[in-house]
Amino acid sequence: MKIYNTLTKKKEEFRPLDGNKVTIYACGPTVYDYFHVGNARVFITFDVVRRYFQYRGYDVKFVQNFTDIDDKMIKRANEEGITVKELGDRFIEEYFKDADALNVKRADIHPRATDHIDDIIEFIKVLIDKGYAYVVDGDVYFAARKFPSYGKLSGQNLEELEAGARVEPGEKKKDPIDFALWKAKKPGEPSWPSPWGEGRPGWHIECSVMAIKHLGETIDIHGGGPDLIFPHHENEIAQSEAATGKPFARFFMHVGYLNINNEKMSKSLGNFFTVREILKEYDAEVLRFLMVSSHYRSPINFSKELMDQSKNALERLYTALYAMDHLEKVTPVRPLNKEEEEYLKTQLENKDKFIENMDDDFNTAGAIAALFDMVREFNVHLNENSSREAVTKTKDLVLELGGVLGFFSKFQPVLLDEEIERKIKEREEARKAKNYALADKIRDELKAMGIILEDTPAGVRWRRA
RNA sequence: GGCGGCAUAGCCAAGUGGUAAGGCAGAGGUCUGCAAAACCUCUAUCCCCAGUUCGAAUCUGGGUGCCGCCUCCA
């Protein structure tokens with residue numbers, strides 16, 4: 001497998017550090033609000049990465065944190081008149097509602113920053129002891145200049161960073177490029193006791209601490225949104241490697257932006273859609289399809305038009321799946337003939353194409369093309385006279401590969417209640433009697449109930465709208 | 001100012017040296033009582049210029065345009 005590594009800025013062959021085990025840490029949301037479609041892209045991307053590793057037989061340990069203490073959390077909690085803890089609890093719950101809907105599997109561990117205050121304090125102590133951090137009036141800062149390779153991830157050198165660096169009012173850094181590990185308590189803020197006085201952790205330290213605690217000192221893959229490259233991941237590397245003396249992450253993966261009108265979607269620009277509101281209008285899988293239909297490092301210019309296109313494209317896949325399901329009931333059980341063996345061979349080639357694409361830095365767009373190739377092949381070659389085995393194998397294959405991308409969670413053979421079944425039979429009789437007015441009326445009635453009928457040579461096929 | 005990314009048909013999107021995957025939309029056709037689904041056919045020389053090469057969307061140089069990071073942000 002090849003993965004593009006932000007550290008080296010090129011695709012590299014990926015091998016886990018430890019045998020078959022792959023450790024992945026993805027930076028999760030700050031839980032002060034519903035997450036937006038741009039956030040969703042990152043969650044879905046790492047979900048696919050994880051699923052694919054598992055599909056290839058790796059033993060994956062996946063950690064995604066919740067940042068539940070920072071300036072935005074404090075601000076929002078004050079606005080709402082609730083505690084930071086209450087705010088975090090609430091939006092973690094809301095996170096899971098949306099993530100579950102998107103069929104994003106839950107991480108093996110979802111650590112919260114506030115559950116790791118003791119670990120964070122211990123970690124900061126180590127950095128101070130080793131001379132990488134210093135205390136000023138209850139704040140603790142990391143001395144970036146002491147870490148020789150600072151800037152290696154973002155490709156910045158110290159002088160340039162210094163030129164652009166800002167010092168917030170009240171900060172007491174010795175050097176503008178230093179960053180806070182611990183912030184002394186200000187009035188009205190939640191705080192924890194520490195050797196440096198009451199205070200709270202800085203942002204970057206939590207991820208270093210939680211990644212190392214749950215996955216070890218060197219993890220295989222670390223990633224998140226592209227705007228985390230600097231300063232967040234840069235700082236994580238510095239802290240972690242300063243403390244442990246070991247490489248922090250072997251691969252860094254960063255997802256492309258999700259834009260609106262070609263501009264970055266962000267809370268601060270206000271040009272965002274929450275997943276919650278998109279799900280009022282579209283099925284969650286449509287959003288997932290959209291995300292996965294382009295390469296994860298390319299920008300996506302999000303729009304309703306794109307959602308509509310994705311919806312139609314996904315429907316082609318589902319229609320084929322329901323057709324397979326139907327054929328599975330009516331086709332004869334007999335050995336494969338020569339053509340069907342050829343057909344299945346072609347389908348296995350399509351499977352190889354899927355895997356080759358995924359092996360190449362998770363080229364989901366190419367993988368989806370293989371899925372469509374598979375569907376066309378099925379539509380062309382299989383019908384009511386085909387061997388049932390050929391149908392079943394196709395269906396299993398499509399479900400298997402689609403599952404790697406997190407598709408088809410909604411696919412289930414449609415069960416009909418007796419009333420609907422009776423109506424379908426009535427319609428069939430009307431058609432035989434050439435009473436098409438009645439037949440069409442029944443079809444319309446069923447459509448209103450969400451059942452779509454399709455007349456095929458193999459009999460009536462139905463699916464839910 | 002420093003660093004980086006992107007530019008492929010109406011729309012979306014693969015392809016990083018051998019003469020353009022796939023999807024959506026559109027047009028025509030086949031099938032069908034109709035509809036739906038499906039199938040077939042049609043629609044691009046890859047932003048521009050120059051260069052390297054037998055051969056470039058793919059490499060090099062120069063332009064143009066758009067975007068991002070350097071500051072909280074996925």
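Both backbone and side-chain heavy atoms feed into the values below; hydrogens, waters and symmetry mates do not. Every chain is numbered from 1 and lettered A, B, ... according to where its sequence line falls, protein lines coming before strand lines.
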From C-beta outward on [X], which listed nucleotide comes closest to its side chain: [options]?
X       : options                : result
R431(A) : C73(B), G33(B), A37(B) : G33(B)
Q309(A) : G23(B), C34(B), A25(B) : G23(B)
R461(A) : C72(B), C34(B), A37(B) : A37(B)
R427(A) : A14(B), G33(B), C73(B) : G33(B)

Q | Lys/Arg cation over aromatic Y296(A): R41(A), 6.0 Å, 45° cone | A | no
Give [X] one of three labels, base, sugar-phosphate or nothing, depending on what nucleic acid heavy atoms sit under 4.0 Å from its own.
X       : answer
D455(A) : base
S293(A) : sugar-phosphate
I300(A) : nothing
F372(A) : sugar-phosphate
R76(A)  : nothing
K267(A) : nothing
N39(A)  : base
L306(A) : sugar-phosphate
G224(A) : sugar-phosphate

(Q) Please check this pair: side chain of E13(A) against backbone of M1(A), looking for a donor-acceptor N/O pair closer than 3.5 Å. (A)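 Side chain of E13(A) to backbone of M1(A), a donor-acceptor pair under 3.5 Å: yes, one is there.
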Take atom [atom1] in [N] and the same atom in [M], then report the distance between them in whole Å.
N      : M      : atom1 : value
G10(B) : A44(B) : C1'   : 12 Å
C6(B)  : U53(B) : P     : 27 Å
C40(B) : C46(B) : P     : 28 Å
C69(B) : G51(B) : P     : 38 Å
U16(B) : C59(B) : C1'   : 9 Å
G17(B) : A56(B) : C1'   : 6 Å
A37(B) : U32(B) : C1'   : 11 Å

Any strand counts, and the cut-off is 3.5 Å on both contacts for Watson-Crick or G-U wobble. Which nucleotide pairs with [N]?
N      : answer
A21(B) : none
G28(B) : C40(B)
A9(B)  : none
U45(B) : none
U58(B) : none
G68(B) : C3(B)
U16(B) : none

side-chain N/O [X] vs [N] OP1/OP2, d < 4.0 Å:
X       : N      : result
T364(A) : A13(B) : no
N363(A) : A14(B) : no
R376(A) : G23(B) : yes
R316(A) : A38(B) : yes

Could a donor-acceptor pair under 3.5 angstrom be found where the side chain of [X] meets the base of [N]?
X       : N      : answer
K72(A)  : C73(B) : no
R443(A) : C34(B) : yes
N259(A) : G68(B) : no

Q: Take L228(A) and K353(A), find for each the nucleotide of RNA chain B with the closest heavy atom, and name the residue whose nucleotide sits nearer the 5' end.
A: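 Per heavy-atom nearest nucleotide, the more 5' residue is K353(A).
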Q: Could you tell me whether D227(A) and K264(A) make a salt bridge, using a distance below 4.0 angstrom between a side-chain N and a carboxylate O?
A: yes
Q) Strictly under 6.0 Å, is that where the ring centroids of H254(A) and H233(A) end up? A) yes
Q.
I need the CG-P distance between N379(A) and G22(B), as an integer number of Å.
A. 15 Å
